[in-house]
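Take a look at the structure below.
Note that the structure is a prediction, hence the values are computed from the model and not measured. All residue numbers refer to positions in the sequence shown, counting from 1.
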Amino acid sequence: MDAVIKNFPKGLGEDATAEESTVERPTEEQAQAAVEVLLRWIGEDPQREGLRDTPKRVAKAYQELFSGYGHSAREILGRTFEEVSGYDELVLVKDIPFFSHCEHHMVPIIGKAHVGYLPDGRVLGLSKIARVVDTFARRLQTQEAMTAQVADAIDTTLKPRGVAVMIEAEHMCMVMRGVQKLGSTTLTSTFTGIFKTEPQEQARFMSMLRGRD
């Protein structure tokens, strides 16, 4: 009997802790069989020496590459710190590397995320920001959705005065197939709170980013 998936994405912008989900998840053996079908479909022989263990390897790799479905951004961001000695200026973590996969073709997206927020009495552990980026990256994604998800998770959990997120990434679906434009980069950004209503705060965020080189 197929197992019931315990962590399944509810939809764009929502966290992935759907314990009540009734969506059925195939077994690992069924996943391996699906990889074998794909190998035959592209014209390969799954029984040749170099490919005999490939279905197992792919299934195991997918568990790691898409592990974001098993983590909750809300839980990662759950603990905050109130002893900040009155600090209320911009906190910016930039150049956070990530690897994701396009939900349209399931090929890699490689990029960096820059995340800033203006505290309102509480701050996050800096490593948690990187972990939240990784949580959303390790799911099937569009860059636009991922940008909004990271911002929404921090805004909802921490309730700062504002959140700013910028992602720059290269999409292998534009490099390896289709238009095949090597080196093209996509930029997306999301602003909440003060960053959205006060242009000077957006400008300060962008100025600090430009200072990274």
Side-chain angles (χ1 to χ4, degrees), residues 5-18 21 23 25-26 28 31 34-35 38 54-55 57-77 92-117 124-158 163-192 205 209 212:
I5 189 166
K6 294 299 183 183
N7 294 287
F8 194 83
K10 294 180 180 180
L12 293 181
E14 296 182 291
D15 212 354
T17 54
S21 175
V23 177
R25 181 178 185 175
E28 187 169 343
V35 175
L38 285 174
T54 293
R57 295 190 189 103
V58 171
K60 185 175 180 180
Y62 267 38
Q63 287 180 327
E64 181 178 356
L65 294 173
F66 300 107
S67 60
Y69 291 120
H71 298 286
S72 164
R74 288 191 299 270
E75 292 177 2
I76 291 171
L77 297 173
L92 173 61
V93 182
K94 56 189 180 181
D95 296 327
I96 304 169
F98 72 85
F99 302 92
S100 190
H101 283 77
C102 166
E103 68 179 26
H104 300 138
H105 302 99
M106 294 184 69
V107 293
I109 301 170
I110 303 169
K112 292 181 179 180
H114 317 290
V115 181
Y117 69 92
L124 292 166
L126 298 180
S127 65
K128 291 186 176 183
I129 295 175
R131 287 181 62 196
V132 165
V133 170
D134 203 42
T135 291
F136 288 116
R138 290 180 179 272
R139 304 175 185 180
L140 291 177
Q141 281 289 9
T142 66
Q143 184 173 329
E144 298 89 340
M146 179 178 161
T147 307
Q149 288 165 356
V150 172
D152 180 68
I154 296 172
D155 196 47
T156 300
T157 305
L158 184 63
V163 179
V165 177
M166 175 174 284
I167 291 179
E168 47 186 308
E170 186 173 13
H171 294 245
M172 294 302 104
C173 59
M174 290 184 62
V175 174
M176 300 169 63
R177 58 165 303 282
V179 295
Q180 298 184 16
K181 296 300 181 184
L182 181 65
S184 62
T185 302
T186 300
L187 297 175
T188 51
S189 61
T190 293
F191 300 99
T192 73
F205 173 75
L209 279 186
R212 71 181 185 273

Write down the atom of [X], the atom of [Y], and the distance for their closest heavy-atom approach.
{"X": "Ala151", "Y": "Thr190", "value": "CB-CG2, 3.8 Å"}
{"X": "Phe136", "Y": "Gln149", "value": "CD2-OE1, 3.3 Å"}
{"X": "Pro97", "Y": "Asp95", "value": "CD-O, 3.1 Å"}
{"X": "Val133", "Y": "Ala113", "value": "CG1-CB, 3.9 Å"}
{"X": "Gln141", "Y": "Ala137", "value": "CG-O, 4.5 Å"}

task = Ignoring hydrogens and angles, state whether a donor on the side chain of Thr188 or Gln143 is under 3.5 Å from an acceptor on the partner side chain.
result = yes
inquiry  = Is there a side-chain contact (heavy atoms from CB on, under 4.5 Å) between Tyr69 and Leu140? Walk through the geometry before answering.
reply    = CA-CA 9 Å; Tyr69 291 120; Leu140 291 177; 3.6 Å; yes
task = Any chance you could lay out the side-chain contact (heavy atoms from CB on, under 4.5 Å) test for Glu28 and Gln63, step after step, and finish with the verdict?
result = CA-CA 10 Å; Glu28 187 169 343; Gln63 287 180 327; 3.9 Å; yes
key: Non-hydrogen side-chain atoms of Leu77 and Leu124 separated by less than 4.5 Å   = yes
ask   = Quick one: does Thr142's side chain get under 4.5 Å of His104's, heavy atoms only?
value = yes
task = Any chance you could lay out the side-chain contact (heavy atoms from CB on, under 4.5 Å) test for Glu170 and Ile109, step after step, and finish with the verdict?
result = CA-CA 6 Å; Glu170 186 173 13; Ile109 301 170; over 6 Å; no
Within this structure, what is the [atom1]-[atom2] distance for the pair [X] and [Y], rounded to the nearest 0.5 Å?
{"X": "His101", "Y": "Arg139", "atom1": "NE2", "atom2": "CZ", "value": "15.0 Å"}
{"X": "Leu209", "Y": "Lys112", "atom1": "CG", "atom2": "NZ", "value": "11.5 Å"}
{"X": "Asp155", "Y": "Phe191", "atom1": "CG", "atom2": "CZ", "value": "13.5 Å"}
{"X": "Met174", "Y": "Ser184", "atom1": "CE", "atom2": "OG", "value": "3.5 Å"}
{"X": "Thr186", "Y": "His171", "atom1": "OG1", "atom2": "NE2", "value": "4.0 Å"}
{"X": "Arg138", "Y": "Phe98", "atom1": "CZ", "atom2": "CZ", "value": "11.5 Å"}

message = Applying side chain to side chain contact (heavy atoms under 4.5 Å, CB included), can you list everything that pairs with Tyr62, at least two apart in sequence or on another chain?
response = Val58, Leu65, Phe66, Met106
task = Tell me, please, which residues at least two apart from Thr156 pass side chain to side chain contact (heavy atoms under 4.5 Å, CB included).
result = Asp152
query = Under the criterion side-chain contact (heavy atoms from CB on, under 4.5 Å), which of Val115, Leu92, Ile76 is the partner of Ile129?
reply = Val115
task = Could you go through the side-chain contact (heavy atoms from CB on, under 4.5 Å) check for Met172 and Val175 one step at a time?
result = CA-CA 5 Å; Met172 294 302 104; Val175 174; 4.1 Å; yes
